[in-house]
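Everything below concerns the one structure shown next.
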Amino acid sequence: MRPGVEEILAERRIAVVGVSRGKGFGNLALETLRERGWEAVPVNARADVVEGEKCFHGLSEIPGRPGAVLAVVPPAETEKVVDECLRLGVRKIWMQQGAESEAAIARAEKGGMTVVHHACVLMYAQPRGFHRFHGWVTKLMGKH
């Protein structure tokens, strides 16, 4: 298994930064994590409500600290999310494919964070359907 995956998914409270007011990958990840037993908390700097539920503008607004963060935002925003995690003492971050940047990865690693990047969280969070098959193929090819 990829380094960091088990540590992040062992956290039962994960903030999903990058949910949208419409339908997007962040929303799918939020819903999927919840269906599979995680307490997933929606975060979007420009949304008060997402799918009929209170949405937090930043990690610092969430009552209690999440154990981990899933970043589903553009790379430049992920760098800001890493900074916020470091300020708040959140030590684990998953940078969804497309959200990572070399600067964000380096900053998180330098800060001593557990970091997963260049991987889809849905392949690891008790995958089903396509993501389960994709995970199997990836494992078979030795990239898991």
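Between the Glu39 side chain and the Ile14 main chain, no donor and acceptor come within less than 3.5 Å of each other. Under a 3.5 Å cut-off, the side chain of Arg87 and the backbone N or O of Val82 do not form any donor-acceptor pair. With hydrogens and angles ignored, the 3.5 Å screen pairs a side-chain donor or acceptor of Gln96 with a backbone N or O of Val121. Looking only at distances, a side-chain donor or acceptor of Arg2 sits under 3.5 Å from a matching main-chain atom of His118. In this structure, the side chain of Arg91 engages the main chain of Gly111 through a donor-acceptor pair within 3.5 Å. With Arg21 contributing its side chain and Arg46 its backbone, the two residues share a donor-acceptor pair below 3.5 Å.
Residue pairs meeting the ring pair (Phe, Tyr, Trp, His ring centres under 6.0 Å) criterion with at least one partner in residues 58-117, sequence neighbours excluded, are Trp94-Tyr124. Residue pairs that meet the salt bridge (charged side-chain N to carboxylate O under 4.0 Å, His left out) test with at least one member in residues 51-71, sequence neighbours left out, are Lys23-Glu51, Arg34-Glu53.
Partners of Arg107 under the salt bridge (Lys or Arg N to Asp or Glu O under 4.0 Å) rule, at least two apart in sequence or in another chain, are Asp83. Partners of Thr114 by side chain to side chain contact (heavy atoms under 4.5 Å, CB included), not counting sequence neighbours, listed by chain and number: Glu7, Ile8, Lys92. With sequence neighbours left out, the side-chain hydrogen bond (donor to acceptor under 3.5 Å, both in side chains) criterion links Glu77 to Lys80.
When hydrophobic side chains of Ile, Leu, Val, Met, Phe, Trp and Tyr are connected at separations under 4.5 Å, Val49 ends up as a singleton with no cluster partners.
Residues Leu30 and Pro42 approach most closely at CD1-N, 3.8 Å, considering heavy atoms. The two residues Glu84 and Ser60 have their closest heavy-atom pair at OE2-N, 3.1 Å. Scanning both residues, Ala125 and Arg36, for their nearest heavy atoms gives O-NH1, 3.0 Å. Taking both residues in full, the closest heavy atoms of Val116 and Pro3 are given as CG2-O, 3.6 Å, listed atom of the first, atom of the second, then distance. For the pair Leu122 and Ala29, the tightest heavy-atom approach, listed with the atom from each and the gap, is CD2-CA, 4.3 Å.
The closest side-chain heavy-atom distance from Leu70 to Val17 is not below 4.5 Å. Contact check for Cys55 versus Asn44: side-chain heavy atoms found under the 4.5 Å cut-off. Residues Pro66 and Val41 have side chains not in contact (no heavy-atom distance under 4.5 Å, counting atoms from C-beta outward). For the pair His57/Val43, no side-chain contact is recorded, criterion being any heavy-atom separation below 4.5 Å from C-beta on.
Using a 4.5 Å cut-off between side-chain heavy atoms of Ile, Leu, Val, Met, Phe, Trp and Tyr, with links allowed through other members, Val72 and Val115 fall into different hydrophobic clusters. Cluster membership for Val16 and Phe56, using ILVMFWY side-chain heavy atoms within less than 4.5 angstrom, is not shared. In the hydrophobic clustering of ILVMFWY residues, with side-chain heavy atoms under 4.5 Å counting as a link, Met95 and Trp38 come out apart. Residues Ile105 and Val73 share a single hydrophobic cluster, defined by chaining ILVMFWY side chains whose heavy atoms lie under 4.5 Å apart. Grouping the Ile, Leu, Val, Met, Phe, Trp and Tyr side chains by contacts below 4.5 angstrom, directly or via other members, places Leu33 with Val5.
Side chains of Glu100 and Thr78: a donor-acceptor N/O pair is absent below 3.5 angstrom, by distance only. With no hydrogens or angles considered, a side-chain donor-acceptor pair links Ser20 and Asn27 at under 3.5 Å.
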